[in-house]
Enquirer: 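Next up is a structure, given as structure tokens.
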2 protein chains.
Amino acid sequence: MSALSPLTPHQATIFNLLKTLESEVSAQMIYAELRQQKHRLGLATVYRGLKHLQLQGAVQARLLSNGEAVYSLVSEEKLYVTCVKCGISVPLAYCPIDEQVLPQALSLRFKIFYHTLEFFGLCSPCLEQETVA
Amino acid sequence: MSALSPLTPHQATIFNLLKTLESEVSAQMIYAELRQQKHRLGLATVYRGLKHLQLQGAVQARLLSNGEAVYSLVSEEKLYVTCVKCGISVPLAYCPIDEQVLPQALSLRFKIFYHTLEFFGLCSPCLEQETVA
DNA sequence: AATGATTAAGATAATGATTATCATTTTAAC
DNA sequence: GTTAAAATGATAATCATTATCTTAATCATT
Ligand SMILES: [Mn+2]
Ligand SMILES: [Mn+2]
Ligand SMILES: [Zn+2]
Ligand SMILES: [Zn+2]
């Protein structure tokens, strides 16, 4: 996360809220929380702000199996085990890399079917558009 | 993928289609393709069949950034680079593990912001329900 | 074979997070 | 201060997925 382009007050508010949270949160939850704190902003602004922060490389998103996206700061490594049936997503203590050591990293018992490793960033065309605009 | 519990004709059809495909496909695409092949089945049956195969550990799903799920056989390791702006998802040739070697594995140039490693399977309660029922 | 129970399937409405739209306000530039 | 550009709010539209409900197969038992 290099220098962030200037944030609007609302974007900064969203960013600061994420800083205070240790867990992932959905856009809807951010919206509800900020309204609770008497911030007068719209839901669309939350989505737009999150997208902006994501394009800066400051915020990361993860899609839950129910189709909902959860957001958090780009910082420590995130590793989860997710149940394909009920969708429960349990964070792991550390990155096992090897499936053999997974049971040690996981308190609960999971029967693992598969895993995915995915990198997120900007492709060449989009990166150019970002640097220009 | 151990012994599969008996599949219905429709479930077998879906499974066989996935076997013939080398790339991931959405439920909607499976539906369209099978209808094209004059199979008379409903969209809901496709979703139910995929869910069934997923619970057997035979099929895996991945959520695209547009919220659409794509399915494939549980087999070779899947690794992708996804653009946070346009959502394009490019498969990598091999598993780099280390971010340092990522550029070598990727023909296109991506600016990587973060990555996620996620395991999928059945949690204890759901596994029990599966073995019983 | 007939009966009844259980599961699968089809059709379609409902869901709900996300996105698009557009009018309005705020900010920045000159 | 005037004008252009960007941000915002409110709300409608989108659309993959899920839920619902009815009908059709499938299976076990007599
Ligand atoms: Mn791996
Ligand atoms: Mn890692
Ligand atoms: Zn579960
Ligand atoms: Zn892109």
Side-chain angles (χ1 to χ4, degrees), chain A residues 4-15 17 24-56 59-71 82-87 89 129-130 132-133, chain B residues 4-15 17 24-35 37-56 59-72 82-87 89 129-130 132-133:
Chain A
L4 258 60
S5 69
L7 300 178
T8 67
H10 280 160
Q11 291 167 356
T13 300
I14 294 169
F15 192 39
L17 175 60
E24 309 168 295
V25 282
S26 68
Q28 308 273 353
M29 291 170 71
I30 292 173
Y31 172 69
E33 172 62 23
L34 292 181
R35 296 291 294 219
Q36 201 67 219
Q37 298 178 13
K38 303 307 175 193
H39 286 98
R40 195 172 280 96
L41 85 173
L43 178 58
T45 301
V46 173
Y47 279 103
R48 282 186 288 234
L50 287 169
K51 188 69 180 176
H52 179 80
L53 291 167
Q54 213 183 348
L55 289 175
Q56 305 290 318
V59 163
Q60 65 181 298
R62 185 170 71 98
L63 280 170
L64 302 182
S65 54
N66 66 4
E68 191 179 34
V70 285
Y71 303 83
T82 301
C83 177
V84 293
K85 189 173 184 189
C86 68
S89 203
Q129 287 176 38
E130 281 300 302
V132 175
Chain B
L4 257 61
S5 70
L7 300 178
T8 67
H10 280 160
Q11 289 166 357
T13 300
I14 295 168
F15 192 38
L17 176 60
E24 308 169 295
V25 281
S26 67
Q28 306 274 353
M29 292 170 71
I30 291 173
Y31 173 70
E33 172 61 23
L34 291 182
R35 297 291 293 219
Q37 299 179 11
K38 304 305 177 194
H39 285 99
R40 197 172 279 94
L41 84 174
L43 178 58
T45 301
V46 174
Y47 278 104
R48 282 187 286 233
L50 287 169
K51 187 70 181 176
H52 178 79
L53 291 167
Q54 212 183 348
L55 289 176
Q56 306 288 316
V59 164
Q60 66 181 297
R62 186 170 71 98
L63 281 170
L64 302 182
S65 55
N66 64 4
E68 191 179 33
V70 285
Y71 301 84
S72 62
T82 302
C83 177
V84 293
K85 188 175 184 187
C86 68
S89 202
Q129 288 175 39
E130 281 301 301
V132 175

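Chain identifiers are assigned alphabetically (A, B, ...) following the order of the sequence lines, protein sequences preceding nucleic acid strands; residue numbering begins at 1 within each chain. This structure is a prediction, so every number in the text was calculated from the model and none was measured.
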Enquirer: Ignoring backbone atoms, test whether A/H10 places a side-chain nitrogen or oxygen under 4.0 Å from the OP1 or OP2 oxygen of D/dT8.
Expert: yes
Enquirer: Applying the Watson-Crick and G-U wobble criteria at under 3.5 Å, what pairs with D/dA12? Answer none if nothing qualifies.
Expert: C/dT19
Enquirer: In whole angstroms, how far is the P atom of D/dT17 from the NZ atom of B/K51?
Expert: 12 Å
Enquirer: Within this structure, what is the CD-to-P distance between B/E68 and D/dA16, rounded to whole angstrom?
Expert: 6 Å
Enquirer: From CG of A/L53 over to C1' of D/dA7, roughly how many Å is that when rounded to an integer?
Expert: 14 Å
Enquirer: What are the two closest heavy atoms between B/K51 and A/K85, and how far apart are they?
Expert: NZ-O, 3.8 Å
Enquirer: Could you tell me whether the side chains of B/Q28 and B/Y47 share a donor-acceptor contact shorter than 3.5 Å?
Expert: yes
Enquirer: Would you check if A/Y71 and A/I14 make a side-chain contact, meaning some heavy-atom pair closer than 4.5 Å?
Expert: no
Enquirer: Among the nucleotides D/dT17, D/dT8, D/dT11, which one has an atom lying closest to any side-chain atom of B/L43?
Expert: D/dT17
Enquirer: Can you tell me the Watson-Crick or wobble partner of D/dT30, both distances under 3.5 angstrom?
Expert: C/dA1
Enquirer: 5'-most contact on DNA chain D: A/G49 or B/R48, nearest heavy atom basis?
Expert: A/G49
Enquirer: Using chain A heavy atoms and a threshold of under 4.0 Å, write down where along DNA chain C the contacts begin and end, 5' to 3'.
Expert: C/dA17 to C/dT21
Enquirer: Expressed in angstrom and rounded to an integer, what is the separation of A/L41 atom CG from D/dA10 atom P?
Expert: 9 Å
Enquirer: If the cut-off is 4.0 Å, is A/T45 near the phosphate of D/dG9, judged by side-chain N/O to OP1 or OP2?
Expert: yes
Enquirer: What integer distance in Å separates B/M29:CE from D/dT17:P?
Expert: 12 Å
Enquirer: Between P on D/dT17 and NE2 on B/H52, what's the gap in Å once rounded to a whole number?
Expert: 19 Å
Enquirer: Minimum heavy-atom separation for B/L64 and A/L63, please, with both atom names.
Expert: O-CD1, 2.9 Å
Enquirer: Base, sugar-phosphate, or nothing: which does A/R40 touch, judged by heavy atoms less than 4.0 Å apart?
Expert: sugar-phosphate
Enquirer: Do B/L41 and B/L34 have side chains that approach each other closer than 4.5 Å (heavy atoms only, starting at C-beta)?
Expert: yes
Enquirer: Round to a whole Å and report the spacing from OH of A/Y31 to C1' of D/dT8.
Expert: 12 Å
Enquirer: On DNA chain C, check which nucleotide each of B/P9 and A/G67 is closest to and give me the residue with the more 5' one.
Expert: B/P9
Enquirer: Which pair of non-hydrogen atoms, one from A/T82 and one from A/G87, has the smallest distance, and what is that distance?
Expert: CG2-O, 3.8 Å
Enquirer: How about B/S72 and B/R62: do any of their side-chain heavy atoms sit closer than 4.5 Å?
Expert: no
Enquirer: Rounded to the nearest Å, what distance is computed from the CD1 atom of residue B/I30 to the C1' atom of nucleotide D/dA16?
Expert: 14 Å
